[in-house]
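Below is one structure, written out as structure tokens; comments come after it.
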Amino acid sequence: MRVQVGIIGGGPSGLLLSQLLHLKGISSVVLEKHSRDYVLGRIRAGVLEHGFCKLMREAGVGARMDAEGEVHEGIFIADGEEMHRVDLQGLSGESVMVYGQTELTRDLYNAMGERVIHGVENVQPQGLLGDPFITYTLNGAAARIDCDFIIGADGFHGVSRQAILNITEHGRTYPFGWLGVLSETPPVSPELIYSKSTRGFALCSLRSQVLSRYYIQVPLSDSAEDWPDEKFWAELKRRLPVAVADRLVTGPSIEKSIAPLRSFVAEPMQHGRLFLAGDAAHIVPPTGAKGLNAAASDIYYLYHALAAYYAGDEAGLAGYSDRALARVWKAQRFSWWMTSLLHRFPEQSSFEQQLQDTDLDYLFSSECAMKSLAENYVGLPY
Ligand code: APR
Ligand code: PHB
């Protein structure tokens, strides 16, 4: 098989890029190791920056997002009993869209048809400095795709990053994880609530008016089995303002999992004719809702650079890594800051504790600080 762009990874990054290129008449194929149902079974992000929404519409897959997603013009931040609304729309002129990653991935799959090959194994990007090709096996049979470019959109545990020579990796881990619960209950609040409490962080989010998503910070040593539903709901209530806890509607969890938090960036994001995008190149703690949205700007830059290349201009591809990383690092900074602001760090000194409390006190007392949070949360320009 020969296509212009071979894409490794059928998550949001790979699918969105393939669909955008397709509409430009640029041929691609997506190699995904798991089945479509397996990919759709992952419960991931839920908040889309306005730039992501524009890309979905440009890709011709934004209709259900606009029909079923919820436009959110604000979020709440609570510190104990004190709760403040961040007026995203008023402070930044933009809003965010609450629409599950599962749903937008489904919308992309429905548009992609046969351009996704599921169940691939032994994927290897090759010929990166010459004539690129990808080898893989499918149902035990060897296969190969010849292409002009290879996109590594295969996530943090993918193979593509290993093909980047002279790579530099930056990162940190956090001394806690997030226990997430999905429940078919009405959300406790019409807008998201990020809550800092002496017992640890909690987040009240949603997927729709009948599907709620909640998180609490837990020690890394915990497992989901340590948290039966009753224990989870009781702890969540302890970490919310009383008025919010009192109106929390609990119910059986339909999904429960613990995710560790990490910050990670790999530089550069390209080597020869291989380009990394999304989680393959960078990971953020979920506090700032930037994981999926940082992938979106990579896709935006790659989409325009590849379209320009096939129109005779190679500059975009040559400058991709530097351009993508400039925005990735801003998402890293914001995600690290939101995480540092709202979580309880067991080992921090009294000075660090005081700084954390002052950071939140400054945020609540300064429109400039709130404006800075708002412009980062809705998404900095591409
Ligand atoms: N061969 C083929 N496919 C692979 C390989 C491989 N060797 N390794 C991984 N994959 C697939 C995974 O099965 C996954 O479906 O690549 C896809 C990568 O998708 P994601 O991990 O979702 O990464 P990305 O598309 O960049 O989207 C980032 O997804 O994980 C969330 O929080 C993250 O919201 C962010 C978003
Ligand atoms: C979610 O709904 O899963 C979600 C929302 C906001 C975040 C993180 C996760 O910051």
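It should be emphasised that the depicted structure is a prediction, and the values quoted were computed from it without experimental measurement. Indexing begins at 1, ligand by ligand and atom by atom, following the structure's order.
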Quiz prompt | atom 11 (C) of ligand 1 - nearest protein heavy atom and its distance | solution = E32 OE1, 3.2 Å
Quiz prompt | For Y310, ring pair (Phe, Tyr, Trp, His ring centres under 6.0 Å) partners two or more places apart | solution = none
Quiz item: With a 3.5 Å cut-off and no angle check, do the side chains of R36 and Y38 form a donor-acceptor pair?
Solution: no
Practice problem: Considering the heavy atoms of H34, write down every atom of ligand 1 situated less than 4.0 Å from one of them. | Solution: 13 (O)
Self-check item: Option from Q217, Q348, K196, M338 for which side chain to side chain contact (heavy atoms under 4.5 Å, CB included) with H343 holds
Solution: Q217
Quiz item: Any side-chain donor paired with an acceptor under 3.5 Å for S349 and E352?
Solution: yes
Quiz item: Quick one: which ligand 1 atoms are inside 4.0 Å of a heavy atom on V159?
Solution: 7 (N)
Quiz prompt | For atom 29 (O) of ligand 1, closest protein heavy-atom neighbour | solution = Q101 NE2, 3.1 Å
Quiz item: Which atoms from ligand 1 have a heavy atom of R42 less than 4.0 Å away?
Solution: 12 (C), 13 (O), 14 (C), 15 (O)
Self-check item: Atoms in ligand 1 flagged as close to S13, the criterion being non-hydrogen separation under 4.0 Å
Solution: 24 (P), 25 (O), 26 (O), 27 (O)
Exercise. Return yes when atom CD of E184 has more than 12 non-hydrogen atoms of other residues, nucleotides or ligands closer than 6.0 Å, and no otherwise.
Key: no
Practice problem: Answer with yes or no whether the side chains of R115 and S18 bring together a donor and an acceptor at under 3.5 Å. | Solution: yes
Quiz prompt | Nearest neighbour in protein (non-hydrogen) for atom 21 (O) of ligand 1 | solution = G155 CA, 3.7 Å
Practice problem: Say whether S27 and Q4, considering side chains only, have a donor N or O and an acceptor N or O under 3.5 Å apart. | Solution: yes
Quiz item: Please state which protein non-hydrogen atom is closest to atom 18 (C) of ligand 1 and give its distance, to 0.1 Å?
Solution: A153 O, 3.4 Å
Self-check item: Proximity to ligand 1 by part of L31, non-hydrogen separation under 4.0 Å
Solution: backbone
Quiz item: Just wondering, do D222 and P219 contact through their side chains at under 4.5 Å, heavy atoms?
Solution: yes
Quiz item: Can you list the ligand 1 atoms lying under 4.0 Å from a non-hydrogen atom of G158?
Solution: 8 (N)
Quiz item: Do any nitrogen or oxygen atoms of L292 come within less than 3.5 Å of a nitrogen or oxygen of ligand 1?
Solution: yes
Exercise. Identify, by atom number and element, the atoms of ligand 1 in contact range of V123, meaning under 4.0 Å from any of its heavy atoms.
Key: 1 (N)
Quiz item: Does R273 make a cation-pi contact with F275 (under 6.0 Å, within 45 degrees of the axis)?
Solution: no
Quiz prompt | Cation-pi check, R57 onto F52 ring (under 6.0 Å, within 45° of axis) | solution = no
Quiz item: Which protein heavy atom lies closest to atom 27 (O) of ligand 1, and at what distance to 0.1 Å?
Solution: P12 CD, 3.6 Å
Exercise. Check whether the side chains of W329 and E267 place a donor and an acceptor atom closer than 3.5 Å, and report yes or no.
Key: yes
Quiz prompt | Shortest protein heavy-atom distance from atom 32 (O) of ligand 1, along with the residue and atom involved | solution = D279 OD2, 3.9 Å
Quiz item: Can S253 and S183 be counted as having a side-chain donor-acceptor contact under 3.5 angstrom?
Solution: no
Quiz item: Considering only protein heavy atoms, which is closest to atom 30 (O) of ligand 1, and at what distance to one decimal place?
Solution: R44 NH1, 2.5 Å
What does the N/O contact table under 3.5 Å look like for ligand 2?
unit_1, atom_1, unit_2, atom_2, d
ligand 2, 2 (O), S205, OG, 2.6
ligand 2, 2 (O), R207, NH1, 2.7
ligand 2, 3 (O), R207, NH2, 2.8
ligand 2, 3 (O), Y215, OH, 2.6
ligand 2, 10 (O), Y194, OH, 2.8
ligand 2, 10 (O), P286, O, 2.9
ligand 2, 10 (O), T287, O, 3.0
ligand 2, 10 (O), A289, N, 3.4

Quiz item: Can you tell me which residue and heavy atom of the protein come closest to atom 3 (N) of ligand 1, and the distance to 0.1 Å?
Solution: K33 N, 3.2 Å
Practice problem: Check ligand 1 against G278 and write out every atom of the ligand that is under 4.0 Å from a heavy-atom position of the residue. | Solution: 26 (O)
Exercise. Taking the side chain as every heavy atom from C-beta outward, state whether L317 and Q270 have any pair of such atoms under 4.5 Å apart.
Key: no
Exercise. Taking only heavy atoms of G291 into account, list the atoms of ligand 1 that are under 4.0 Å away from them.
Key: 34 (O), 35 (C)
Quiz prompt | Side chains of M370 and H84 in contact at under 4.5 Å (non-hydrogen atoms) | solution = yes
Quiz item: In a check of side chain to side chain contact (heavy atoms under 4.5 Å, CB included) between L276 and each of I164, L302, I150, D298, which one passes?
Solution: I164
